[in-house]
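Heavy-atom basis, side chains included; hydrogens, waters and symmetry copies ignored. The sequence lines fix the lettering, A, B, ..., with proteins before strands; numbering per chain opens at 1. Worth saying up front: this structure is predicted, and the values here are computed from it rather than measured.
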Number of protein chains: 2
Amino acid sequence: MAAATDLDRTDFAILHLLAKDAWLSNKQIAASVGLAASSCHERIKSLRARGVLLGAHAEVNLEAIGLALEAVLFVQLGKLEIGVVDDFVSTTATLPEVRSVFLVSGRSDLIVAVAVRDMQHLKAIISEHFNRHDVVLRVETSVVFDSRQQHAIPAP
Amino acid sequence: MAAATDLDRTDFAILHLLAKDAWLSNKQIAASVGLAASSCHERIKSLRARGVLLGAHAEVNLEAIGLALEAVLFVQLGKLEIGVVDDFVSTTATLPEVRSVFLVSGRSDLIVAVAVRDMQHLKAIISEHFNRHDVVLRVETSVVFDSRQQHAIPAP
DNA sequence: ATTGAAAGACCTTGGCG
DNA sequence: CGCCAAGGTCTTTCAAT
């Protein structure tokens with residue numbers, strides 16, 4: 001899926017701008033990269049069609065919607081039967097409190113970032129979702145003091 | 001920052017829609033939440049002004065831009081002098097390969113998600129950035145097999 | 001707060017360098 | 001590939017409720 005794509009410097013510039021601010025107008029982007037509006041529009045359409053641009057998502061202030069606490073869960077799973085693990089990952093990824101899920105090598109099998117109202121809420125999720133499933137051997141919890149996301153595309 | 005905000009069901013609906021797809025037009029959102037275009041526009045403007053909506057970011061297919069490998073780094077830092085740690089976190093967060101940084105409690109002090117071209121690139125970042133700084137005691141690396149992000153706002 | 005209407009800006013397509 | 005131009009659509013403001 002999505003391979004044969006040679007992107008030139010202009011494509012990267014467009015991707016970079018949109019990754020930083022997906023609400024830029026086509027006109028603004030065109031001006032920034034030195035293209036006519038129609039040419040820029042064509043490129044963006046093409047980037048979408050080729051699966052390079054996957055979509056855009058608004059960033060919401062979690063505190064403002066009552067999610068004042070972030071945590072990272074390190075989950076160890078039992079002997080993996082592929083289907084069971086995949087199911088657990090899928091249902092985990094769709095919990096409203098869950099922000100991201102990583103299936104990884106190493107000490108833990110799953111790394112789950114969550115945003116919750118408070119400690120009680122965190123405890124509830126761990127005991128009601130994670131500790132309830134047989135696949136889960138152990139959950140280690142880290143509280144997030146601070147977090148930053150990078151919204152930039154490395155230059156070609 | 002950003003506290004005194006009571007959001008009603010309509011606000012949450014708008015946030016939910018924009019978190020899923022920031023490229024929805026105002027007109028489409030208005031129709032979905034059952035408001036006139038002008039009212040919806042006003043609400044979105046207000047959500048932005050109040051710092052509830054922080055912005056929007058395009059999602060780029062990392063593989064398509066040559067970043068075929070994702071990894072998570074667990075970093076242990078030495079006795080923390082606040083200024084030094086903050087500086088290290090800041091410069092780490094702006095490395096082009098870095099996607100997110102979490103400052104956490106527990107076994108590790110820093111959790112860093114990176115996207116890189118290949119193993120050599122991963123090795124280079126770890127040895128040239130992390131292992132070169134005195135603050136860093138140890139880095140443990142996990143390769144990401146699969147990852148998912150949730151773009152949904154929990155209902156009020 | 002919400003609305004409809006109006007003006008202007010923008011997107012989007014098609015034909016041509 | 002990129003540009004211009006034109007038509008259609010959307011955003012954005014404002015007076016009124």
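- Under the side chain to side chain contact (heavy atoms under 4.5 Å, CB included) criterion, A/Glu140 pairs with A/Phe74, A/Arg138, B/Arg107, sequence neighbours left out.
- For A/Arg148, the side-chain hydrogen bond (donor to acceptor under 3.5 Å, both in side chains) criterion is met by B/Ser90, not counting sequence neighbours.
- Taking a pair as Watson-Crick or G-U wobble with both distances under 3.5 Å, DNA chain C forms stems of 3 or more consecutive pairs at C:1-16 with D:2-17.
- Taking the side chain to side chain contact (heavy atoms under 4.5 Å, CB included) definition, one finds that B/Ala152 meets it with B/His16, B/Gln150, sequence neighbours left out.
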Which protein N or O atoms sit under 3.5 Å from an N or O of nucleotides 15-17 of chain C?
none

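- When all heavy atoms are compared, the tightest approach of A/Ser147 to B/Phe102 is CB-CD2, 3.5 Å.
- Under the side-chain hydrogen bond (donor to acceptor under 3.5 Å, both in side chains) criterion, B/Ser46 pairs with B/Arg50, not counting sequence neighbours.
- For the segment residues 32-46 of chain B, the set of residues with a heavy atom within less than 4.0 Å of an atom of DNA chain D comprises B/Ser38, B/His41, B/Lys45, in numerical order.
- A 4.5 Å side-chain heavy-atom check between B/Leu53 and A/Trp23 finds at least one atom pair inside the cut-off.
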Kindly list each side-chain donor-acceptor pair under 3.5 angstrom involving residues 30-40 of chain A, sequence neighbours excluded, with atom names and distances?
unit_1, atom_1, unit_2, atom_2, d
A/Ser32, OG, A/Gln28, O, 3.2

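- For A/Lys45, the salt bridge (Lys or Arg N to Asp or Glu O under 4.0 Å) partners are A/Glu42, not counting sequence neighbours.
- Contacts between residues 7-30 of chain B and DNA chain D, counted as heavy-atom distances below 4.0 Å, involve B/Ser25, B/Asn26, B/Lys27.
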Review item, side-chain donor-acceptor pairs of residues 118-131 of chain B, under 3.5 Å, at least two apart:
unit_1, atom_1, unit_2, atom_2, d
B/Asp118, OD1, B/Gln120, N, 3.3
B/Asp118, OD1, B/His121, N, 2.9
B/His121, ND1, B/Arg117, N, 2.9
B/His121, NE2, B/Glu97, OE2, 3.0
B/Ser127, OG, B/Lys123, O, 3.0
B/Ser127, OG, B/Ala124, O, 3.4
B/His129, NE2, B/Thr92, OG1, 2.9

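- Judged by distance alone, with hydrogens and angles left aside, the side-chain atoms of B/His57 form a donor-acceptor pair with the main-chain N or O of A/Ala19 at under 3.5 Å.
- Residues forming a salt bridge (Lys or Arg N to Asp or Glu O under 4.0 Å) with A/Asp8 (at least two apart in sequence, or on another chain): A/Arg43.
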Checklist entry - Do A/Leu7 and B/Ile65 pass the side-chain contact (heavy atoms from CB on, under 4.5 Å) test, and can you show the C-alpha distance, the side-chain angles, and the key distance before you say yes or no? => result CA-CA 8 Å; A/Leu7 309 170; B/Ile65 59 171; 3.8 Å; yes
